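This report refers to the structure that appears directly beneath it.
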Amino acid sequence: MSKESSFVPKGLYPFKTKLIITIALMVVTGFYLLSSIKTESFIVHFFVKLPNVFGLVGDFFPPDWSYVNQVWPKLFETLHIAIIATTIAVIISIPFSLLTANNVTTNTWIYQGMRLILNIIRTIPDIILAVVFVGLFGIGAFSGIIALIIFAVGILVKLMSEVIETIDMNQTEAIRASGGNGMQTISFAIVPQVLPQFISFSLYVFEINIRASLVLGLVGAGGIGQLLNTQINFMNYPAVSTIIIIVFAVVVVIDFISGKLREGLV
Amino acid sequence: MSEQLTLPEKPKSKLTLYKRIFIFILIALIYIWTFTSLEIRWDNIFSERTLDNFDRIIPKFFQPAVEETGNILEMMFETLFIAYTGSLAAAIIAVPLAFLCASNMVRNKFLNNIGMWILGGVRAFPEIVLAIIFVAAVGPNPFAGVLAIAIGSTGMLGKLYSEVIESIDMNTIEALEASGANKLQILFYGIFPQVLPEFLSYAIYRFEIDVRASSVLGIVGAGGIGTLITFAYMNRNWEEVGMILLVIIITVTIIDQISGFLRKRLV
C-alpha cells in the first residue's frame, strides 16, 4: 500500500506523447516561418498595413445604391447559371454515381477507372475550368454553365457514391431473387434508400454553385463577376461594395432556404 | 387466386399533397423563369470558330509546356505557402470564435448568436471576393492571398470546431470542477484532449481545400500559381495552361493523399 500511495505521476501525459507533440509543433512552426518568408506575409505586415485597410473601407463606404439597377440583370444571370448547371449536373451524376459505387459496379476496372477520373476532375478549381471553357466557347454564360456542370458532377458523384456504398444490400438481393432485372433493382431497392440524401446533396451542390457562379465572371464566364471585375478595374469602389453587399445577401438567403429544406429532408 | 390482390391505399393527408403541389409549381416557375430569361447565343457557340478553337486548343493541352516546369513549380510552392499560412492562421483564429459559439461553453444565447453571425457572415464571401478586397487594401502580393484564405477558412473551421466542442463529454469537466480545477486547468485537461484530434483533422482538411482555393487567387492578383494562369490565358498560351493544370492536378492529389493519411491517423 505504501508504494501505491507514494506514486505520483510525473505528468498527466506520457513522455512519448509529449515528444510527438513537441516535434509536431516545431515542424508546424518551422513551416510557418518558411512560408512567411516565402510569401513575405508576416503578421506584423497586417498591423503595418492596417491604416490601408481602414482607408479602403472608407473608399468602399457608403455603397453607391444608384448602381443597384445595373446589378439585377447580372445577378439573375448568375442564379440562372447555377440553376441550369446544378440541374444538368444532378442528371448526369446519377449514372456516374452508380458506376462509382463498388457495391453496384462490381467490375473493379470500371469502378477504379471512374474513381480516378473523378478524383482528377475534383482537383481542378472551378475558375480554371471556366478559363478553359471560355477559351473554347468564347465569353458568356454558356462557358460558365459547362464549367460548373463539370465541377458539380465531381462533388456530387463522390458524395452520392459514398451513400450508395452504405445502403442495405439485402433489398437488392431480394429483388434479384424474385426476378427483378437491373433497372428494377435500381429503381425499387436503391433509389428509395438514397433519394432523401440525393436531394439534400443536390441542394448543397446548388449552394456551392451559387457561390462559384458569382465569381466565374472574373474570367469572362458570365454572371455578376463580370460587373465586379469591371468596377474594380475602374476603381469604382462604392459600386463594388454595392455588388458585394448584394452577393452577400443572396448567398445568405439561399443558404438559409436550402438549409431549411435540407433539414426537412434528412 | 382469381381475385387480384392489391395493397391497401396509402394514407395520405391532404396537407402533404397541397404542399407537394405547391413545391412542384414553385420549381416549375423557377425553371420557366430561368429558361426564358437566360440569353445564350447559340449561333456563336455552335459555330466554325468554336470548332476551330477545339482543334487549336485541345491538342495543346496534351503537349504541355514542359520547359516552363521550373517556373510553374516555384509558383506552385508559393501557392502552397499561401494556403499553409492562411490555414494555420484560420485554425488559430477559429478556436476562440468556436468557443464563443458553443452553447455548452458560453451559456449566453446572445453571445452564441453573435458568434454564429460572425462565422456565417464570413462564410458567405467566396475567397476570391475576399482576395479582391485585400488586394485593394494591401496591394497585389501573396500577403493579400494569405489574408483572404485566413479569413475565408475561419468561417468554416469555426463552425465545425463549435460543433465538435458541443459534442464533448461534459462529465469530464464536471469531475475536474469538482476536484477544484480552475478554468485554465479545465481547458487544458478537460476540453483540449477531447477536441484537439478533431480540430487538427478539420484543419488539415481545410488545408486541402485551401490549396485548391489559393491556386486561383492569382487571377485577381493575390499571388500564387493563378498569376501564371492569367498570363498564359491572356497570351493564348494553351501549352502553358495545360502544364499548369497538370502541376495543379498532381500537387492537389499528393496533398489529398498525405492529408487523408494524416487525418486517418488522428481520429
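We name chains A, B, ... by the order of the sequence lines, and we start the count at 1 in each one. Excluded from the calculations below are hydrogen atoms, water molecules and symmetry mates; all remaining heavy atoms, backbone and side chain alike, are included. Bear in mind the structure is a predicted one, so any value in this text is a computation, not a measurement.
With rounding to the nearest 0.5 Å, the separation of CD in B/E127 from CZ in A/R211 is 9.5 Å. Taking CZ of A/R122 as the start and OG1 of B/T253 as the end, the distance is 10.0 Å to the nearest 0.5 Å. Going from atom CZ of A/F31 over to atom OG1 of B/T85 covers 11.0 Å, rounded to the nearest 0.5 Å. From A/I124, atom CD1 reaches atom CG of B/L245 across 5.5 Å, with rounding to the nearest 0.5 Å.
Per-residue counts of heavy-atom pairs under 4.5 Å with chain B were compared for A/I145, A/I127, A/L136, A/V215; the largest is that of A/L136. Counting heavy-atom pairs closer than 4.5 Å to chain B, the top residue among A/N119, A/V250, A/T87, A/L34 is A/T87. Note: A/P125 leads A/P125, A/A249, A/P73, A/G225 in heavy-atom pairs under 4.5 Å with chain B. For the options A/V247, A/I81, A/I84, heavy-atom pairs under 4.5 Å to chain B are most numerous at A/I84. Most heavy-atom pairs under 4.5 Å with chain B: of the set A/G135, A/A141, A/A212, A/G140, this distinction falls to A/G135.
For a residue to count as touching a neighbouring chain, one of its non-hydrogen atoms must lie under 4.5 Å from one of that chain's; by this rule B/V216 touches chain A with the side chain only. The contact between B/W33 and chain A is made by backbone and side chain atoms together, counting heavy-atom distances below 4.5 Å. When heavy atoms are compared at a cutoff of 4.5 Å, B/I132 approaches chain A solely by way of its side chain, counted from C-beta outward. In this structure, chain B has heavy atoms under 4.5 Å from both the backbone and the side chain of A/V219. Heavy atoms of A/I243 lying under 4.5 Å from chain B are absent altogether. Contact of B/F134 with chain A is not made at all, since no heavy-atom distance falls under 4.5 Å. B/I244 does not touch chain A: none of its heavy atoms, backbone or side chain, sits under 4.5 Å away.
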Working note: B/T34 + A/L79, criterion side-chain contact (heavy atoms from CB on, under 4.5 Å); need CA distance, chi angles, decisive distance, verdict. CA-CA 8 Å; B/T34 300; A/L79 293 181; over 6 Å; no
So A/T123 and B/T251, side-chain contact (heavy atoms from CB on, under 4.5 Å) or not? Walk me through it. CA-CA 9 Å; A/T123 57; B/T251 315; over 6 Å; no
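For the pair B/V129/A/L214, no side-chain contact is recorded, criterion being any heavy-atom separation below 4.5 Å from C-beta on.
The neighbour count for B/Y205 OH, taken as heavy atoms of other residues, nucleotides or ligands under 6.0 Å away, does not exceed 12. Within a 6.0 Å sphere centred on NZ of B/K159, heavy atoms belonging to other residues, nucleotides or ligands number 12 at most. The number of heavy atoms from other shown groups lying within 6.0 Å of CD (B/Q185) is above 12.
Note: A/Y32 and B/Y84 fail the aromatic proximity criterion, with ring centroids not under 6.0 Å apart.
Residues of residues 218-231 of chain B lying under 4.5 angstrom from chain A, judged on non-hydrogen atoms, are B/I219, B/V220, B/I229 by number.
Nearest heavy atoms, A/I83 versus B/Y31: CG2-CE2, 3.6 Å. Across B/W238 and A/V132, no two heavy atoms sit closer than the pair CZ3-CA, 4.3 Å.
A distance-only check finds no donor-acceptor pair linking the side chain of B/R212 to the backbone of A/D126 [under 3.5 Å].
Scored by the ring pair (Phe, Tyr, Trp, His ring centres under 6.0 Å) test, B/F125 finds A/F248 as partners (sequence neighbours excluded).
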